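Contents: one structure, followed by commentary.
Naming: A, B, ... by sequence-line order, numbering from 1 per chain. Quick caveat: nothing in here was measured; it's all calculated off a predicted structure.
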2 protein chains.
Amino acid sequence: MSDDSAINPPARLRALISWQASKVNTVGSRLTAARMPLTARADFAVLAALEEGGTISQADLGRRLGLDRNDVNSVVNRLHEGGYLRRETDPTDRRRNIVTLLDAGRTYLEDLQSLTEIVQAELAANLTAAEAEQLRALLAKLLQAHPALPS
Amino acid sequence: MSDDSAINPPARLRALISWQASKVNTVGSRLTAARMPLTARADFAVLAALEEGGTISQADLGRRLGLDRNDVNSVVNRLHEGGYLRRETDPTDRRRNIVTLLDAGRTYLEDLQSLTEIVQAELAANLTAAEAEQLRALLAKLLQAHPALPS
DNA sequence: GGGTTATGTTGGCCTAGCCAACGTTGGTCA
DNA sequence: TGACCAACGTTGGCTAGGCCAACATAACCC
């Protein structure tokens with residue numbers, strides 16, 4: 001079998017955290033796509049932010065999630081059309097749309113949580129629990145030094 | 001300053017390796033884009049594979065890099081038009097295009113290597129050298145359990 | 001009261017990953 | 001040998017994601 005040698009990526013790439021992260025991201029997308037529509041990832045992010053943050057504006061959602069305003073907008077549109085959240089203009093600041101999680105959104109969130117946990121387990125299948133925790137800690141520490149949004 | 005609390009992503013997301021990897025990938029893209037055109041990443045991958053693997057076919061390139069055949073094709077097109085590599089049909093198997101790195105490709109590769117190292121340092125700015133090495137090892141171990149390509 | 005800033009919204013661009021289909025070529029096996 | 005099957009390169013297209021620009025409205029500041 002020459003599979004192993006053929007599949008091995010070049011050392012110059014294996015040395016790059018950015019390349020590895022890109023590949024982990026790709027594998028995660030594939031595992032996710034096997035269990036839910038890909039757009040459910042963004043849904044999950046917004047729902048989780050609402051569940052944790054309560055009623056917040058779309059702009060705040062974007063800042064917490066590291067998403068652009070217009071991208072938040074399209075996700076909120078989708079979730080609103082699905083009846084998962086309520087969207088109303090903030091009476092104290094009429095520029096803002098404040099968004100509130102509805103009960104349907106909570107159940108949707110928990111459904112996605114279950115599927116997500118399966119995907120995480122598959123993704124980290126080769127790691128012990130301690131290694132997975134270490135990996136999360138290192139990734140978090142790396143991310144801590146960088147802004148969630150470009151500007 | 002309510003920045004810290006506002007910027008913090010929800011715990012449900014922080015617990016996901018896939019979400020963290022996606023964010024690291026995004027940050028890496030941003031840092032990369034500040035130093036080179038984004039397409040140079042794919043160039044770098046192909047050039048590195050050629051430098052390490054010698055003369056190989058496009059299909060082999062795809063397998064080593066985890067890229068789809070048509071994506072390899074477009075990168076090879078770009079590099080060929082730039083005069084960085086030679087592309088000829090394999091005399092022993094006329095289905096294949098075998099691709100060879102040229103001198104211009106080597107210098108281009110080294111140029112990208114320099115820029116890439118800067119980006120890696122910026123990306124891992126918050127990690128010690130030991131932590132960065134640990135992170136690379138954990139990501140590699142995670143990736144080991146997954147195929148580079150879907151099918 | 002005038003300029004600046006934040007917000008939501010629309011529209012668009014590019015990269016990346018993926019899939020389908022086609023013609024060509026090589027391999028298999030009946 | 002001939003007929004099917006697999007691999008390859010190539011073209012074309014789809015989706016998601018990250019990003020930017022522009023606009024109107026609304027709040028803020030001095």
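- Nucleic acid contact class of B:Arg69 (heavy atoms, under 4.0 Å, all strands): base.
- Look at A:Arg12 and B:Glu117 and you find no salt bridge, because none of the NZ, NE, NH1 or NH2 atoms lies under 4.0 Å from a carboxylate O.
- Not a single donor-acceptor contact under 3.5 angstrom links the side-chain atoms of B:Asn97 to the base of D:dC8.
- In this structure, CD1 of A:Ile56 is placed 11 Å from P of C:dG8, rounded to the nearest angstrom.
- Counting heavy atoms from C-beta on, the side chains of B:Leu79 and B:Tyr108 come closer than 4.5 Å.
- With D:dC19, D:dC8, D:dT11 as the choices, the nucleotide that has an atom nearest any side-chain atom of B:Ala59 turns out to be D:dC8.
- Put simply, B:Arg41 has a side-chain N or O that comes within less than 4.0 Å of OP1 or OP2 on C:dA16.
- Proximity of A:Arg30 to the phosphate of C:dG17: no side-chain N or O atom is located under 4.0 Å from OP1 or OP2.
- Between B:Glu81 and B:Arg78, no side-chain nitrogen of the basic residue sits less than 4.0 Å from a carboxylate oxygen of the acidic one, so the salt-bridge criterion is not met.
- A:Gln58 places no side-chain N or O within 3.5 Å of a backbone atom of A:Val72 that could act as its donor or acceptor partner.
- Taking atom CG on A:Leu65 and atom P on D:dA16, their separation rounds to 18 Å, with Å as the unit.
- When rounded to the nearest whole Å, the span between CG of A:Asn25 and P of D:dT15 equals 20 Å.
- Taking atom CG on A:Asp60 and atom C1' on C:dT7, their separation rounds to 11 Å, with Å as the unit.
- In this structure, B:Gln58 does not reach the D:dA7 phosphate: none of its side-chain N or O atoms is under 4.0 Å from OP1 or OP2.
- Rounded to a whole Å, the CG atom of B:Leu31 is 15 Å from the C1' atom of D:dC19.
- Between D:dT25 and A:Thr89, no contact under 4.0 Å exists linking OP1 or OP2 to a side-chain N or O.
- Mapping B:Leu38 and A:Ser57 onto DNA chain C by nearest heavy atom places A:Ser57 at the nucleotide closer to the 5' end.
- Taking atom CG of residue B:Asn77 and atom C1' of nucleotide D:dG9, one finds them 10 Å apart after rounding to whole Å.
- Taking side-chain N and O atoms only, A:Asn73 has no distance below 4.0 Å to OP1 or OP2 of C:dG8.
- In this structure, the CZ atom of A:Arg95 is 20 Å from the P atom of D:dC23, given to the nearest Å.
- The NE2 atom of B:His80 sits 15 Å away from the C1' atom of D:dT10 (whole-angstrom rounding).
- For the pair B:Arg87 and D:dC8, the criterion of a side-chain N or O lying under 4.0 Å from OP1 or OP2 is not met.
- Within the nucleic acid shown, A:Ser29 has no heavy atom closer than 4.0 Å to any nucleic acid atom.
- Comparing atom distances between the A:Arg94 side chain and each of D:dA27, D:dG9, C:dG17 picks out D:dA27 as nearest.
- Sequence order on DNA chain D of the closest nucleotides to A:Asp93 and B:Ser22 puts B:Ser22 first from the 5' end.
- Of the possible donor and acceptor atoms, one in the side chain of B:Lys23 sits under 3.5 Å from a partner among the backbone N and O of A:Leu65.
- Contact annotation: side chain of A:Asp71 to base of D:dC19, donor-acceptor pair present below 3.5 Å.
- Within the 4.0 angstrom heavy-atom criterion, base atoms lie near A:Asp68.
- Not one side-chain nitrogen or oxygen of A:Arg96 sits closer than 4.0 Å to the OP1 or OP2 atom of C:dT5.
- Tested against B:Thr32 for a side-chain contact (heavy atoms from CB on, under 4.5 Å), the candidates B:Arg30, B:Arg35, B:Met36 yield a single pass: B:Met36.
- Here the side chain of B:Arg63 is nearest to one of C:dT10, C:dG8, D:dC8, namely D:dC8.
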